[in-house]
2 protein chains.
Amino acid sequence: MRYILKEMAINKKDEFGKKENELSDFANAISHPARVAILNEIARREQCICGEIVDVLPLAQSTVSQHLKELLKAGLITGSIEGVKSCYCINWKTFEKFEKTFNEFFSKANSNNPKCC
Amino acid sequence: MRYILKEMAINKKDEFGKKENELSDFANAISHPARVAILNEIARREQCICGEIVDVLPLAQSTVSQHLKELLKAGLITGSIEGVKSCYCINWKTFEKFEKTFNEFFSKANSNNPKCC
DNA sequence: AATATTAATCGTATATTTGCGATATATATT
DNA sequence: AATATATATCGCAAATATACGATTAATATT
């Protein structure tokens, strides 16, 4: 008898470095205009309940909830349940970390690179 | 007789602002670790031919070519054909524009927000 | 206790992204 | 001229993302 192991569906993303994934994960979180708008709304109000965001966006409540979940997962916001409502805030630490790594990767030291093609 | 117009497959993303889309488009370009790695390699060497990038990444040549095309489309790199080779450079202007808009949207003025939840 | 409100989750349809091998194209080399 | 090299593009399969309505669950209000 022969046993055939189904090849572990390896994720190509694992073949890149930690920092590369850290940057791309953050970028992925803000790679949709709805999520940029959500973050902006929370930042503007300093704190925001879910319903306030739904009122302002051209999306269904369930869709907004899904976007909020993604932002939470990526650590860009924090959330807490207050009674029947859910409150969200920006997690600035994650933003600071992103900016630091971003600058580390893409320092504009050679902004006017003479050998640029 | 009745004519039924197939609903124009409207793009939800068009319902968000110009700035939101500008940010999300840039973020989308760096939302994959392969593209972060490609950009980093080009930045490190100041200029890069396609083959050098292929040698360094765990991806097929055709896949790298596709990622480069996306980075070009989003304006993060510039490219020029030199004989049989293709040379790429970082387009720092786009990076500067991104950082400007990013800070405009997410100023950390309230980094230690007292009413944070 | 019955009803209303708020938000998360489920199921599903559709669209987009990712990745590769094969092929095409254009320039170098022999 | 024939062959080799470099890279873009095509066609396809698989995975992931987006969006919504319906449902669920939990708390408020009457």
Side-chain angles (χ1 to χ4, degrees), chain A residues 6-16 20-21 24-25 27-38 41-42 47-74 77-88 117, chain B residues 6-16 20-21 24-25 27-38 41-42 47-74 77-88 117:
Chain A
K6 178 89 180 176
E7 181 114 16
M8 177 86 71
I10 62 136
N11 193 341
K12 273 282 165 190
K13 295 186 179 176
D14 294 342
E15 294 177 29
F16 295 92
E20 281 82 356
N21 275 286
S24 65
D25 283 349
N28 191 52
I30 59 168
S31 72
H32 193 289
R35 290 194 291 272
V36 172
I38 289 171
E41 195 63 20
I42 300 175
Q47 75 174 52
C48 233
I49 64 162
C50 179
E52 292 173 326
I53 300 167
V54 173
D55 288 344
V56 160
L57 295 199
L59 295 172
Q61 176 269 321
S62 59
T63 307
V64 171
S65 210
Q66 230 173 324
H67 281 307
L68 284 167
K69 193 181 175 185
E70 263 196 89
L71 290 171
L72 273 173
K73 199 184 63 185
I77 58 175
T78 57
S80 64
I81 297 168
E82 298 186 359
V84 76
K85 306 189 177 180
S86 287
C87 185
Y88 294 98
C117 54
Chain B
K6 179 88 178 178
E7 181 112 19
M8 176 85 70
I10 61 134
N11 194 342
K12 273 281 165 191
K13 295 185 179 177
D14 293 342
E15 294 178 29
F16 295 92
E20 280 83 355
N21 274 286
S24 66
D25 284 348
N28 191 53
I30 60 169
S31 72
H32 193 289
R35 290 194 290 272
V36 172
I38 289 171
E41 195 63 20
I42 300 175
Q47 75 174 53
C48 234
I49 63 162
C50 178
E52 293 173 324
I53 300 167
V54 173
D55 288 345
V56 161
L57 294 199
L59 294 173
Q61 176 269 320
S62 59
T63 307
V64 171
S65 209
Q66 229 174 324
H67 281 307
L68 284 166
K69 194 180 175 185
E70 262 195 89
L71 290 171
L72 273 172
K73 199 183 64 184
I77 58 174
T78 57
S80 63
I81 296 167
E82 298 187 358
V84 76
K85 306 186 176 182
S86 287
C87 186
Y88 293 98
C117 54

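Nothing here was measured: the structure is a model prediction, and the numbers come from that model. Labels below follow one simple rule: chain letters A, B, ... track the order of the sequence lines, proteins then strands, and each chain is numbered from 1.
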Checklist entry - Can you tell me if B:Ser31 uses its side chain to pair, donor with acceptor, with the backbone of B:Asn28 under 3.5 Å? => result yes
Checklist entry - Backbone N or O of B:Ile30 within a donor-acceptor pair of the B:Arg35 side chain at under 3.5 Å? => result no
Item to check | Letter per nucleotide, 5' to 3', of nucleotides 23-30 of chain D [B base touched, S only sugar-phosphate touched, - untouched; heavy atoms, 4.0 Å] | outcome: ---BSS--
Next on the checklist: Treating A:Asn21 as the side-chain partner and A:Lys13 as the backbone partner, does any N or O pair qualify as donor plus acceptor under 3.5 Å?
Outcome noted: yes
Checklist entry - If you find the nucleotide of DNA chain C closest to B:Pro58 and the one closest to A:Ile49, which residue's nucleotide is nearer the 5' end? => result A:Ile49
Next on the checklist: With a 4.0 Å cutoff (strictly under), does any side-chain N or O of B:Ser86 reach OP1 or OP2 of D:dA6?
Outcome noted: no
Next on the checklist: Just the rounded figure in Å: distance from P of C:dT9 to NZ of A:Lys73.
Outcome noted: 12 Å
Checklist outcome for this item: SG of B:Cys48 to CD of B:Glu41, rounded to nearest 0.5 Å, is 5.0 Å
Checklist entry - Which part of the nucleic acid, if any, lies within contact of A:Ser62, taking any heavy atom under 4.0 Å across all strands shown: a base, the sugar-phosphate backbone alone, or nothing? => result base
Next on the checklist: One pair to check against side-chain contact (heavy atoms from CB on, under 4.5 Å): B:Leu59 and B:His67. What are the steps and the verdict?
Outcome noted: CA-CA 10 Å; B:Leu59 294 173; B:His67 281 307; 4.0 Å; yes
Next on the checklist: When you measure from the side chain of B:Lys12 to the backbone of A:Pro58, do you find a donor-acceptor pair of N or O atoms at a distance under 3.5 Å?
Outcome noted: yes
Item to check | Donor-acceptor contact below 3.5 Å, side chain B:Ser24 vs main chain B:Glu20 | outcome: yes
Next on the checklist: Taking 4.0 Å as the cut-off, does a side-chain nitrogen or oxygen of B:Tyr88 come that near to OP1 or OP2 on D:dT7?
Outcome noted: no
Checklist entry - Which heavy atom in A:Leu57 sits nearest to a heavy atom in A:Ala37, and how many Å separate them? => result CD2-CB, 3.8 Å
Checklist entry - Given atom NZ of B:Lys85 and atom C1' of C:dA28, what is their separation to the nearest angstrom? => result 10 Å
Item to check | Interatomic distance where CG belongs to A:Leu72 and C1' belongs to C:dA7 [whole Å] | outcome: 13 Å
Checklist entry - Is there side-chain contact between B:Leu68 and B:Tyr88, with heavy atoms separated by less than 4.5 Å? => result yes
Checklist entry - In whole angstroms, how far is the P atom of D:dT5 from the CD atom of B:Glu52? => result 17 Å
Pull out every protein N or O sitting under 3.5 Å from an N or O of nucleotides 17-19 of chain C, one pair per line with the distance.
residue, atom, partner, partner atom, Å
C:dT18, OP2, B:Arg35, NH1, 3.1
C:dT18, OP2, B:Glu70, OE2, 3.3
C:dG19, OP2, B:His32, NE2, 3.3
C:dG19, OP2, B:His67, NE2, 3.0
C:dG19, N7, B:Gln66, OE1, 3.4

